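Structure first, then comments.
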Amino acid sequence: MKENKAAGKSFSFSSCRAVISSPAHTVLRHHLLLSIKLKLSWSRCYCQTPALLQSINHKPPHGHGINAQDSQTELYISSSSRWTELNKRYQLSAKHAPQTRQKNRSFGLKAPSFVLLLTLRISVSLRMSASLWVWRLLAVWTLLAVSSSQRNGLNAVDFSQRFGNALPSLSRPANASQIFYGVMFDAGSTGTRIHVYTFIQKEPDGLPVLDNEMFHSMKPGLSAYADIPEIAGHTVRQLLRVAKKTVPPVEWKRTPLVFRATAGLRLLSPAKAHALLEEVQDVFDESPFYVPPDSVSIMNGTNEGILAWVTVNFLTGRLNRDTQKTVGILDLGGGSTQITFLPKSKKTIESAPADYIVRFDMFNSTHKLYTHSYLGNGIKAARLSALGALGSDGLEKKVFKTSCLPKKHTGEFSFGGFSYHVSGVTNGVTGFKACYQEMLKVVKGIINQPHELKDSSTFYAFSYYFDHAVEAGLIDESRGGAVKIRDFRKRAKEVCNRPSKRSQLNPFLCMDLTYIVCLLKDGFGFKESTVLQLTKKVRNVETSWALGAAIYHFQKFRIH
Ligand SMILES: O=c1ccn([C@@H]2O[C@H](COP(=O)(O)OP(=O)(O)O)[C@@H](O)[C@H]2O)c(=O)[nH]1
């Protein structure tokens with residue numbers, strides 16, 4: 001809770017005065033720079049990247065986007081009685097307001113400085129004395145700034161202090177006494193997503209309840225904009241609209257925004273990743289939400305694995321009970337893959353590489369987990385590895401061949417902002433066996449085999465494990481389900497050896513299913529009889545590291 005105290009520093013009148021007393025030219029310069037930057041970004045965006053427009057209008061893949069459940073949420077949140085109720089509830093004093101970064105422009109500053117800028121423009125166009133107008137309007141602006149800063153201060157409360165312990169409950173109580181929100185951005189290698197979580201605090205010192213999640217995603221991932229970072233900012237700005245729609249304006253100033261990037265940015269050069277993060281930080285700083293310190297960063301793989309484990313065990317109600325009953329998780333992204341579980345056998349702990357065993361404290365207990373993130377073993381990165389296309393240049397002229405594609409197939413696929421030409425092997429062997437040998441190169445000697453996975457254990461698998469099981473017809477998209485690794489193998493064999501309509505729709509299905517089987521069996525060392533619980537959502541909340549990260553961020557449990 002130490003960090004929480006720091007984050008919840010009081011909002012003082014002196015910070016308000018500092019804003020007001022900033023010289024007029026600083027405000028002006030700020031606005032001019034901003035408008036120039038915006039114009040530049042927009043023109044570059046239109047001229048250079050028609051793909052952006054596509055990505056904005058992109059229809060999210062199955063199960064994504066604002067679905068029926070999301071629209072219900074909007075209705076629920078925007079009912080006017082609810083808003084009045086919310087307003088009444090927050091009768092808290094200004095001293096609880098979260099500290100806002102100096103760079104972060106508050107609503108109190110925005111409107112008056114806009115008036116000032118507008119007036120200056122009018123005065124120039126009317127050929128009036130600009131300095132006279134500046135001084136007149138500065139007075140008006142100062143008055144407005146004082147009143148709006150004070151107004152904002154009155155409604156603010158310290159979010160982090162009130163998060164306390166979170167319980168895995170998703171009920172929507174009729175007499176909810178406090179509602180608060182948290183916004184988590186997941187910048188993955190294949191897409192960027194926003195999760196807006198609504199929590200209810202029934203009693204001041206009681207345990208909050210996760211009430212709802214609003215989710216939206218945009219493709220491609222930000223790493224595709226490594227050379228045009230302005231567009232990363234635009235993507236985040238688009239997604240922020242979901243937060244603005246979901247969180248009532250009265251709550252914006254105390255609702256934290258957190259952004260975490262995964263494999264896509266980890267695989268970029270530090271300079272390119274930094275430029276993208278800077279764009280995101282700028283968008284956050286412009287936003288009316290609370291921007292805590294360290295709100296924009298690349299998350300490390302260990303945390304990614306642990307936080308997905310926290311999400312699943314939290315949502316399935318296992319975190320606050322006997323920790324021996326937790327379930328393991330398997331996450332398969334585009335760039336990386338994660339495995340996390342609570343080891344039962346000593347041998348697993350003793351034989352694992354030292355950095356695969358991680359301890360962390362949460363809800364007054366210490367957990368010792370086996371966790372690892374394999375960068376380059378996500379399903380799209382694995383395609384590149386198997387094709388021998390990783391790090392290759394002169395891509396326009398090259399065609400990468402594989403026995404995993406139908407013999408006569410020629411096509412291309414994109415990942416991380418690059419396009420790769422691919423084809424089947426016209427004169428060679430194709431099919432499951434040959435394909436398996438290609439995929440084996442991507443996992444053999446790379447993936448550690450935890451000792452106890454040879455016994456039966458319960459694992460939840462999501463992300464591309466889920467998506468491909470749906471595509472292969474192994475599970476129903478809306479219900480998910482239990483699938484044996486043997487079932488994945490059988491279906492991979494069918495798809496690879498007997499090309500059908502399904503493989504015509506997605507020529508990579510053979511390769512991707514074969515990789516999944518290879519990763520699970522020859523990578524992690526699971527038995528064919530192991531049952532995986534394939535899940536997209538638990539109680540209507542996305543199964544990903546994002547909820548765990550929200551809890552981690554606000555709860556501040558320790559990973560060591
Ligand atoms: O809230 C989320 C976040 C991700 N995904 C899935 O996760 C996979 C992609 O992972 P990502 O692009 O984040 O890859 P990474 O960067 O982790 O390698 C895709 O199947 C997504 O549909 C999901 O289902 N829900």
Side-chain angles (χ1 to χ4, degrees), residues 55 58-67 70 183-197 213-224 226 235 239 242 259-268 273 276 298-308 311-312 315 329-340 372-385 414-417 460-472 475 477-478 480 506 508-509 512-513 515-516 519 534-538 540-550:
S55 82
H58 173 80
K59 194 173 175 299
H62 42 259
H64 279 194
I66 299 178
N67 53 27
D70 295 329
V183 180
M184 183 62 64
F185 282 85
D186 161 6
S189 58
T190 60
T192 309
R193 303 119 200 162
I194 185 171
H195 304 253
V196 184
Y197 298 110
E213 178 199 44
M214 278 288 275
F215 174 77
H216 196 67
S217 70
M218 278 173 83
K219 285 189 172 184
L222 296 192
S223 47
T235 303
L239 288 170
V242 179
F259 173 101
R260 294 289 176 259
T262 56
L265 263 69
R266 281 182 213 138
L267 288 165
L268 287 181
L276 290 169
I298 300 176
M299 182 167 57
N300 71 41
T302 300
N303 286 14
E304 189 177 357
I306 292 180
L307 297 172
T311 299
V312 170
L315 289 172
I329 63 100
L330 291 165
D331 184 357
L332 180 57
S336 68
T337 187
Q338 290 72 239
I339 178 169
T340 308
H372 196 69
S373 172
Y374 294 90
L375 189 59
N377 281 92
I379 205 151
K380 309 269 178 187
R383 278 186 196 174
L384 295 183
S385 266
S414 303
F415 180 59
Y460 272 60
F462 41 91
S463 46
Y464 279 116
Y465 288 115
F466 181 93
D467 295 351
H468 288 304
V470 171
E471 223 175 324
I475 51 166
E477 188 185 353
S478 52
N506 175 6
F508 280 99
L509 192 57
D512 291 343
L513 287 176
Y515 178 62
I516 286 176
L519 177 68
L534 293 163
T535 325
K536 169 108 190 116
K537 290 185 181 223
V538 180
N540 267 329
V541 177
E542 286 289 312
T543 322
S544 87
W545 54 261
L547 176 63

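Order of listing sets the numbers, starting from 1, for every ligand and every atom in it. Just the heavy atoms: all of them, side chains too, but no hydrogens, waters or symmetry mates, feed the values below. Numbers here simply count residues along the sequence, with the first being 1. Bear in mind that the values here come from a model prediction, so they are computed numbers and not experimental data.
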Atoms of ligand 1 close to D186 [distance to a heavy atom under 4.0 angstrom, numbered from 1]: 3 (C)
Judged by non-hydrogen atoms, does G378 sit under 4.0 Å from ligand 1? no
Quick test of your reading of the structure: of G301, G191, S189, whose heavy atom lies closest to atom 16 (O) of ligand 1? S189
Which of the numbered atoms in ligand 1 are under 4.0 angstrom from any heavy atom belonging to G333? 10 (O), 14 (O), 15 (P), 17 (O), 18 (O)
Record the part of S544 in heavy-atom contact with ligand 1 below 4.0 Å; permitted values are side chain, backbone, both and neither. side chain
Is there a heavy atom in E304 that sits closer than 4.0 Å to ligand 1? yes
Please work out which of the three classes, parallel, tilted or perpendicular, describes the rings of Y374 and H372, given edges at 30° and 60°. perpendicular
Heavy-atom gap Q338 to ligand 1 smaller than 4.0 Å: no
Below 3.5 Å, N or O to N or O, backbone or side chain included: is there any such pair between T190 and ligand 1? yes
Taking only non-hydrogen atoms of T262 and a 4.0 Å limit, the atoms of ligand 1 in range are 15 (P), 16 (O), 17 (O)
On a heavy-atom basis, the closest approach of L375 and A263 is CD1-CB, 3.7 Å
If you measure every N or O of E542 against every N or O of ligand 1, does any of those distances drop under 3.5 Å? yes
The test is side chain to side chain contact (heavy atoms under 4.5 Å, CB included); show your working for T235 and L222 and say whether it passes. CA-CA 8 Å; T235 303; L222 296 192; 4.0 Å; yes
Number the atoms of ligand 1 from 1 as they appear, then name those within less than 4.0 Å of a heavy atom of G335, with their elements. 15 (P), 18 (O)
Do V312 and T535 have side chains that approach each other closer than 4.5 Å (heavy atoms only, starting at C-beta)? no
With a 4.0 Å cut-off on heavy atoms, is A546 in contact with ligand 1? no
Drop me the distance from I516's CD1 to T337's OG1, to the nearest 0.5 angstrom. 9.0 Å
Considering the options T262, N303, I329, which one meets the side-chain contact (heavy atoms from CB on, under 4.5 Å) requirement together with W545? T262
Rounded to the nearest 0.5 Å, what separates atom CD in E477 from atom CG in L534? 12.5 Å
Per-residue contact class, F466 against ligand 1 - non-hydrogen pairs under 4.0 Å: neither
In ligand 1, the atoms that come under 4.0 Å of a heavy atom of D467 are 19 (C), 20 (O), 22 (O)
Of all the atoms in ligand 1, which lie at a distance below 4.0 Å from a heavy atom belonging to R193? 3 (C), 4 (C), 9 (C), 10 (O), 11 (P), 12 (O), 13 (O)
Between the side chains of S336 and Q338, is a donor N or O closer than 3.5 angstrom to an acceptor N or O? yes
To the nearest 0.5 Å, how far apart are CG in L315 and OH in Y460? 9.5 Å
Any idea which atoms of ligand 1 are less than 4.0 Å away from a heavy-atom of H195? 1 (O)
OG1-NZ distance between T543 and K536, expressed to the nearest 0.5 angstrom: 7.5 Å
Residue-ligand contact G334/ligand 1, heavy atom below 4.0 Å: yes
For the pair F415 and I379, evaluate side chain to side chain contact (heavy atoms under 4.5 Å, CB included) and give the outcome as yes or no after the intermediate values. CA-CA 11 Å; F415 180 59; I379 205 151; over 6 Å; no
